[in-house]
Amino acid sequence: MRVLIVPITDTETELADMVAEGLREEEIAADVAHGASDDADLLLKTAREYDVLIIERDAPALAASRTRDLLAESPTRILLIEAAGCRQSPVRADARLSRPYTYPELLTQVLALGVAGGHKVAT
């Protein structure tokens, strides 16, 4: 299973790198797409190569309806990170995780998305 994490700010890049490292320790291939949250074309190009996409609801690239439409048709599973109590996002999400969340909660969601996508998950 391949996971792509898309941080939306420079401060979140460090957190995204730590999450990716944790996923790698679970034998999940994980990458961080620096700059993809602002660039719809980069987001769409890279997301297609992954099984699970972890992205913040407020990523600028998700504002484009073209991006939302193409992600809706993509086989990539989407884990959308949202602020607690926010309104439903127009972006298709296979799972949602509200801030604040713990790493075990994120891992559980990623594993569930992987299984739903037909990927074997190491136990």
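Computed from a predicted model, the values in this text were never measured in an experiment.
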Correct closest heavy-atom pair for Leu106 and Tyr101 would be CD1-CE1, 3.7 Å

How close do Met1 and Val110 get, counting heavy atoms only, and between which atoms?
SD-O, 3.9 Å

Partner of Leu53 under side-chain contact (heavy atoms from CB on, under 4.5 Å), picked from Leu79, Leu43, Val3, Ile5, is Leu43

Heavy-atom side-chain proximity of Glu49 to Leu4 below 4.5 angstrom:
no

Looking at side-chain heavy atoms only, is the closest gap between Asp17 and Glu21 below 4.5 Å?
no

Kindly indicate whether the side chain of Arg99, heavy atoms from C-beta on, has any atom under 4.5 Å from the side chain of Ile81.
yes

What do the steps show when you test Arg2 against Asp31 for side-chain contact (heavy atoms from CB on, under 4.5 Å), and what is the final call?
CA-CA 8 Å; Arg2 296 189 67 209; Asp31 295 317; 3.5 Å; yes

Are Ile8 and Ile78 co-members of a hydrophobic cluster defined by side-chain heavy atoms under 4.5 Å apart?
no

Check whether any side-chain heavy atom of Gln109 lies under 4.5 Å from a side-chain heavy atom of Leu80, and answer yes or no.
no

The side-chain contact (heavy atoms from CB on, under 4.5 Å) partner of His34 among Leu42, Thr13, Val6 is Thr13

For the residue pair Asp94 and Leu113, what are the closest heavy atoms and their distance?
CB-CD2, 3.5 Å

Give me the atom names and distance for the closest heavy-atom approach of Ala61 to Ala36.
CB-O, 3.7 Å

Is Arg68 reaching over with its side chain to a backbone N or O of Arg92, donor-acceptor style, under 3.5 angstrom?
no

Testing the basics here: between Val52 and Gly114, what is the closest heavy-atom pair and its distance to 0.1 Å?
CG2-N, 4.4 Å

Do Leu23 and Met18 share a hydrophobic cluster (ILVMFWY, side-chain heavy atoms under 4.5 Å, transitive)?
yes

Using every non-hydrogen atom in the two residues, find where Pro7 and Val32 come nearest and quote the distance to one decimal.
CD-CG1, 3.7 Å

For side-chain contact (heavy atoms from CB on, under 4.5 Å), just list the numbers for Leu71 and Thr76, CA-CA rounded to whole Å, side-chain angles, deciding distance to a tenth of an Å, and then say yes or no.
CA-CA 8 Å; Leu71 283 176; Thr76 302; 5.8 Å; no

So do the side chains of Leu107 and Ile28 get within less than 4.5 Å of each other, counting heavy atoms only?
yes

Is there a donor-acceptor contact under 3.5 Å from the side chain of Thr108 to the main chain of Pro104?
yes

Is the number of heavy atoms from other residues, nucleotides or ligands within 6.0 Å of CD (Glu14) greater than 12?
no

